[in-house]
Amino acid sequence: MTAPAPLAELLQALAPPLEYLAADGFRRAEQTRLPLPALAERVRRARDAGPPGVTQALDELDGILARLAGEPAREREQLLRRAHALLPALRDAVTTWTDYRPSSGPVGPALAALAAPASGVRGVGPKRAADLERFGLKTVEDLLYHLPFRYEDRRALKALRALQPGEEATAVGEVSHVREARGGRRGRPVLEVVLRDADGILLLVWFHQIQYFKRRLTTGLRLVVHGKVEASGARRMIHPEIEVLAPDEDGAQAKIVPVYNKPTEMHPGAMRRIVHAAVAEHADRVPSALPPAVAARQRVVDVGRALRHVHAPPPEANLEGLATTDSLAHRSLIFDELFFLQLGLALRRSAAGEEPGRAFPASRRLVPALRKRLPFRPTAAQERVTTEIAADLARPHPMRRLLQGDVGSGKTLVALFAALAVIEEGAQAALMAPTELLAEQHLETVRPLVEPLGVEAVLLTGAVKGKARRAALAGLAAGRIALAVGTHALIQEGVAFADLGLAVVDEQHRFGVLQRAALQRQAAIDVLVMSATPIPRTLAMTLYGDLAVSTLDELPPGRTPITTELCRESKRDRVYVRVRDEVAAGHQAYIVYPLVEESEKTDLRAATTMVHELAAGPLAGLRLGLVHGRMKADAKDGVMRRFKAREFDVLVSTTVIEVGIDVANATAIVIEHAERFGLAQLHQLRGRVGRGQARSHCFLVAPDWTGADAWHRLSTLERSTDGFHIAEADLALRGPGDFLGTRQAGLPDFRVANLLRDTSLLRAARDEAIAWLAEDPRLERPESATLRTVLRHRWQGRLGLARVG
Ligand code: ADP
Ligand code: MG
């Protein structure tokens, strides 16, 4: 990104004097003489080179220079200020998109060189290679993509006299004195070096590596030093970064210095030198594989140039853009990464979309019959997604679709419509829940709806044993039973179906990437994944990028909204009064305790001790049940069943109830230590109530000392019951990793992109990838050759596609 050179040259000549003048408010404007004819010539040349977008600025500058030559002194200041104000626009234009050089020829050897161990880079010996590897930087490519996390502006060198205590500064001077002393605490040795310039001094201090620096820093050497200025007597810098200037070198060389995350034992300067060596030797090897038309549309530069710019920005670069990762170079790298991500995902999606599968036409008999029997009308959202799913089923390819919808949005009915369409054609359907109890609940809901239609449904979970199990297995194998309801084990353990056509996986809030992978091995069947955690769009596009998405964004009418109240611990007694009120009115309640520091033991103590305290105190006389994650599955289900049968008034629990239970009579939920939960999880927990006709209440209890930020975060739940809104807020607050609570298995790691920040680039990348595949679905054309090789390199086998390459 050095081009267009004339503009860069103009800036190099113009910026330093203007910055110098601006530094003290143009007070020296009158005495300063600029080399006006030379500057005017540079402006003309820059204008002739025709960089986009700055013609106006250059015209204005031309005018200013012309007037500076003739104007009286008092006008000069105004003109110089105007010229100074034009600098940012010019700097932007220097780093503006100019052209894109795609890689030519085979990229295989280059990719192999990039995958070589970091020890091949100059300056990386075995010890350093080991340090870097432990830090996650194994290959040359890892080093190249290890971008600075911030930049230091060392373009302004300060006079030593002007250094202010507390500031971080860069200065230049000559070593005038080196002294080893025992001045440290308890007589620790220290090295003191006096640095001098025309009229000031600065003390440099080292407590470590004394012998090394003593040897290196001899009197008379000129140094650029950078560090924090401290004052204890004299002004000093402790462990500054130093750069030794060659005798003929101009110390005033302007610089933007990148700062890297690094292994603790490594000096910042060493880390910088290693990365820079990698960049110097290898940056131009990184293939620029984006099709030129895409690069031009998205205005990105080739990867080599982008890497060089990010690691070694020229002094005229726009520092703000670099710091906010909004520079052209950053955006180019991010787009490149996201494009290959989306290309891979789109290929995976279309691979399923093109495999042969079975076509199930729209149901004419069973679905209309079910509709007649329903006591309500499906919502508009249910109708819309049902149409989307029916269209997938009707295609002779396997369906891969995600149905997302908030708790209570009516996903089960939609799934049932799909199942009936398949069953009507003589095939079978499987409905899978994450827990046995949920599977039982599904069966309870589904059986009364389908049996009158002559469709047999059967439960198949671990709890179904002996004769019942053998009968179920035989019925499914013979094809007599059309609908199986169970847990994910249904598929994982390879239950034999006569003719399985559709698998519905109710993932609830879990991101069962592995289950999905297992399912996809079942090649030709249609798959509908249901998720009750609304996933913000950006995440859905990556996490489920290989699935088509349908969204239920509407709740059935007539629901009484849940009221949510935040409450300080000291006011907790009021909450217990409300719980008693609910129970007195014939309803039930949950009281939930968090996992404390991920320790099951502490968690257990919280719920188990509290159940006694509650029984002896504020909830005396009520029937309390206890359920937690360390109970055996049977015992857990047992307690929940008894709660459902109204044998308990209050269920004291850990978060295990999050997925496992549906009790319409429960109208209150108290969540203790709400500040410890994510918003999406709290929303899930809150969804345990409000399932019946009666008005329901959610109480979020947080310690009195909860800070304003945390309180505000929780208040999102008071204000909103919209799962999508809450999920977006949660994602923005906690970041994708925490939001998912799991690694994004099966996806390549992001090196430069950030899903929260780079939404618009993500969209652009997705659109471009899809458009490219529309033209060349299997990347078979010659112009896709590089693309294909780089795609395979980036995904490292995670695509699971034989068809690419
Ligand atoms: P989800 O699985 O999306 O959380 P469910 O499928 O369990 O939601 O539905 C929640 C409740 O809403 C069920 O009792 C269901 O019978 C009911 N329901 C579903 N669709 C409608 C509708 N269109 N109108 C009224 N009630 C509905
Ligand atoms: Mg459900």
Side-chain angles (χ1 to χ4, degrees), residues 367-368 370-389 401-420 429-435 437-453 457 483 485-488 504-510 512 528-535 549-562 640 644 657-667 669 680-696 698 721-724 726-727:
V367 169
L370 175 62
R371 281 172 180 276
K372 276 209 202 89
R373 303 180 51 87
L374 286 178
F376 49 71
R377 290 167 58 106
T379 63
Q382 282 171 319
E383 294 291 6
R384 191 187 64 242
V385 304
T386 298
T387 312
E388 289 164 4
I389 292 169
R401 186 168 283 273
L402 168 70
L403 171 59
Q404 58 171 343
D406 221 335
V407 179
S409 58
K411 292 184 292 293
T412 316
L413 182 65
V414 172
L416 207 53
F417 284 158
L420 289 177
L431 182 55
M432 289 168 280
T435 68
L437 187 62
L438 262 188
E440 284 172 36
Q441 284 173 183
H442 269 317
L443 187 82
E444 277 170 36
T445 323
V446 161
R447 190 178 256 162
L449 290 171
V450 300
E451 281 199 336
L453 311 176
L483 182 59
V485 180
T487 59
H488 296 150
V504 180
V505 191
D506 193 349
E507 275 196 312
Q508 295 286 348
H509 73 303
R510 299 192 193 166
L528 181 66
V529 179
M530 303 201 292
S531 170
T533 300
I535 305 158
V549 180
S550 288
T551 303
L552 282 176
D553 50 7
E554 179 187 1
L555 294 183
R559 297 268 163 89
T560 7
I562 305 167
M640 290 191 184
K644 209 171 167 171
I657 62 152
E658 197 179 346
V659 286
I661 202 159
D662 182 8
V663 179
N665 190 47
T667 52
I669 183 164
Q681 197 182 7
L682 289 172
H683 179 65
Q684 286 286 328
L685 285 167
R686 176 169 64 179
R688 294 307 104 198
V689 298
R691 311 195 126 228
Q693 301 300 318
R695 174 172 281 282
S696 291
C698 170
T721 50
D722 175 347
F724 280 94
I726 290 164

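Ligands are counted one by one from 1 in listed order, and the atoms in each one are counted from 1 as well.
At under 3.5 Å, a nitrogen or oxygen of G408, whether backbone or side chain, sits near a nitrogen or oxygen of ligand 1. Here's the thing with R691: none of its N/O atoms is less than 3.5 angstrom from an N/O atom of ligand 1. Between G410 and ligand 1, at least one pair of N/O atoms sits closer than 3.5 Å.
The CG atom of N665 sits 13.5 Å away from atom CZ of R691, with the distance rounded to the nearest 0.5 Å. Atom CG of L374 and atom CG of L413 lie 5.5 Å apart (nearest 0.5 Å). L443 CG to L483 CG: the interatomic distance, rounded to the nearest 0.5 Å, is 8.0 Å. Taking CG from L403 and CG from L552, the interatomic distance works out to 5.0 Å, rounded to the nearest 0.5 Å.
Near D406, the atoms of ligand 1 lying under 4.0 angstrom from a non-hydrogen atom of the residue are 3 (O). Taking every non-hydrogen atom of R377 and a distance limit under 4.0 Å, the qualifying atoms of ligand 1 come out as 22 (C), 23 (N), 24 (N). Using a 4.0 Å cut-off to heavy atoms of Q382, the atoms of ligand 1 that qualify are 19 (C), 20 (N), 22 (C), 23 (N). Those atoms of ligand 1 that come under 4.0 Å of a heavy atom in T379, given as number and element, are 23 (N). Using a 4.0 Å cut-off to heavy atoms of T412, the atoms of ligand 1 that qualify are 2 (O), 5 (P), 6 (O), 7 (O).
For P378, every heavy-atom contact with ligand 1 shorter than 4.0 Å involves the backbone, none the side chain.
Side-chain atoms of R384 come within 3.5 Å of backbone N or O of T551 as a donor-acceptor pair. In this structure a side-chain-to-backbone donor-acceptor pair under 3.5 Å is missing from R373 to L449.
The two residues T487 and M432 have their closest heavy-atom pair at O-CG, 3.4 Å.
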